[in-house]
Amino acid sequence: MARTAPPTVPPPPGPPARGSLSLHRAYLRSPLGLLRLGQLALGAAFWVTVAAHKYEGAAHFALFAAVLVWLLTLALFGLSLLGRWELVPWLGSRWLLTNLVHDLALGVGLYAAATGIMGHKAKQRSFCNLPGYSQHCLYSAYLSASICGGITACLYLFSGLYCLSRRCQDQRDII
């Protein structure tokens with residue numbers, strides 16, 4: 001008896017692939033689009049704050065994690081904004097699941113680790129926050145980065161939960 005292949009489900013609808021590029025304005029107005037804008041802004045604030053100051057040790061990993069997640073978020077945001085996710089092989093037909101995994105595994109996981117690292121480094125440098133300390137102090141930079149990282153991790157958690165709720169409602173589109 002010959003096995004029949006399970007029916008394949010087409011990818012979520014997007015603008016036509018060969019037409020002119022236009023913005024997917026419904027995505028910009030959706031909760032996920034607004035959360036992505038916040039993630040990009042605060043993520044950039046995190047890694048620019050770390051990169052603009054002297055850093056050593058584990059801060060290298062925090063910077064790597066923040067830039068990696070930021071670049072992947074920028075790619076997801078760009079493809080979703082243009083409605084071109086169907087052009088991504090294998091992931092285009094699973095775009096909601098791709099966003100879900102990106103947000104919960106990469107976004108929350110790596111930003112929580114980076115926030116913990118920068119918070120620990122801020123605690124190590126808390127002595128230089130005293131009045132009368134005249135040397136260059138990295139405490140405020142590390143503290144600012146850890147606050148931005150914590151808020152960014154929360155934004156990734158919210159967008160991951162949004163994607164998860166859509167998935168649990170048997171919806172396949174991101175908006």
Side-chain angles (χ1 to χ4, degrees), residues 24 27-28 30-82 84-85 87-92 94-167 174-175:
H24 201 196
Y27 173 72
L28 267 181
S30 73
L32 188 58
L34 296 174
L35 286 167
R36 286 279 185 253
L37 287 172
Q39 292 162 358
L40 288 170
L42 285 169
F46 178 92
W47 67 260
V48 166
T49 301
V50 175
H53 295 86
K54 183 182 174 206
Y55 58 93
E56 73 280 339
H60 289 282
F61 172 76
L63 184 62
F64 167 76
V67 171
L68 174 70
V69 174
W70 188 83
L71 288 172
L72 290 173
T73 303
L74 186 63
L76 286 177
F77 180 73
L79 288 169
S80 297
L81 183 61
L82 295 174
R84 302 291 192 215
W85 58 80
L87 298 176
V88 181
W90 193 77
L91 297 177
R94 299 165 181 85
W95 198 241
L96 184 62
L97 182 62
T98 300
N99 279 270
L100 173 66
V101 169
H102 168 266
D103 292 342
L104 293 181
L106 290 176
V108 173
L110 290 178
Y111 264 106
T115 299
I117 289 168
M118 298 314 292
H120 178 71
K121 293 189 93 40
K123 185 179 177 186
Q124 286 178 334
R125 301 276 194 272
S126 64
F127 65 88
C128 68
N129 198 28
L130 298 172
Y133 189 81
S134 61
Q135 302 296 321
H136 181 67
C137 181
L138 294 174
Y139 172 77
S140 60
Y142 289 161
L143 183 63
S144 300
S146 66
I147 290 170
C148 285
I151 296 170
T152 306
C154 289
L155 290 178
Y156 278 106
L157 179 64
F158 294 150
S159 63
L161 292 175
Y162 173 78
C163 290
L164 184 62
S165 71
R166 290 189 63 82
R167 180 119 172 121
I174 57 174
I175 53 170

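The figures that follow rest on heavy atoms only: side chains count, while hydrogens, waters and symmetry mates do not. Numbers here are sequence positions counted from 1.
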For residues 143-156, run the donor-acceptor check on the side chains, cut-off 3.5 Å, and write out each pair with its distance to 0.1 Å, sequence neighbours left out.
residue, atom, partner, partner atom, Å
Ser144, OG, Ser140, O, 2.7
Ser146, OG, Tyr142, O, 3.4
Ser146, OG, Leu143, O, 2.8
Thr152, OG1, Cys148, O, 2.6
Tyr156, OH, Thr73, OG1, 2.5

With a 4.5 Å cut-off on side-chain heavy atoms, are [Y] and [X] touching?
| X | Y | value |
| --- | --- | --- |
| Tyr27 | Arg36 | yes |
| Leu37 | Phe77 | yes |
| Pro31 | Phe158 | no |
| Asp103 | Leu32 | yes |
| Ile174 | Trp85 | yes |
| Phe46 | Tyr111 | yes |
| Leu68 | Trp47 | no |

Quick one: closest heavy-atom pair of [X] and [Y], and the distance?
| X | Y | value |
| --- | --- | --- |
| Val69 | Leu106 | CG2-O, 3.8 Å |
| Ile117 | Ala59 | CG2-N, 4.0 Å |
| Ser80 | Trp95 | OG-NE1, 3.0 Å |
| Gln39 | Trp70 | O-CD1, 4.4 Å |
| Asn99 | Cys163 | CB-SG, 3.9 Å |
| Ala65 | Leu110 | CB-CB, 4.0 Å |

Can you tell me how far [atom2] of [Y] sits from [atom1] of [X], rounded to the nearest 0.5 angstrom?
| X | Y | atom1 | atom2 | answer |
| --- | --- | --- | --- | --- |
| Arg167 | Arg94 | CZ | CZ | 9.5 Å |
| Leu76 | His102 | CG | NE2 | 5.0 Å |
| Leu100 | Ser165 | CG | OG | 9.5 Å |
| Lys123 | Met118 | NZ | CE | 15.5 Å |
| Leu104 | Leu161 | CG | CG | 6.5 Å |
| Leu40 | Leu35 | CG | CG | 11.0 Å |

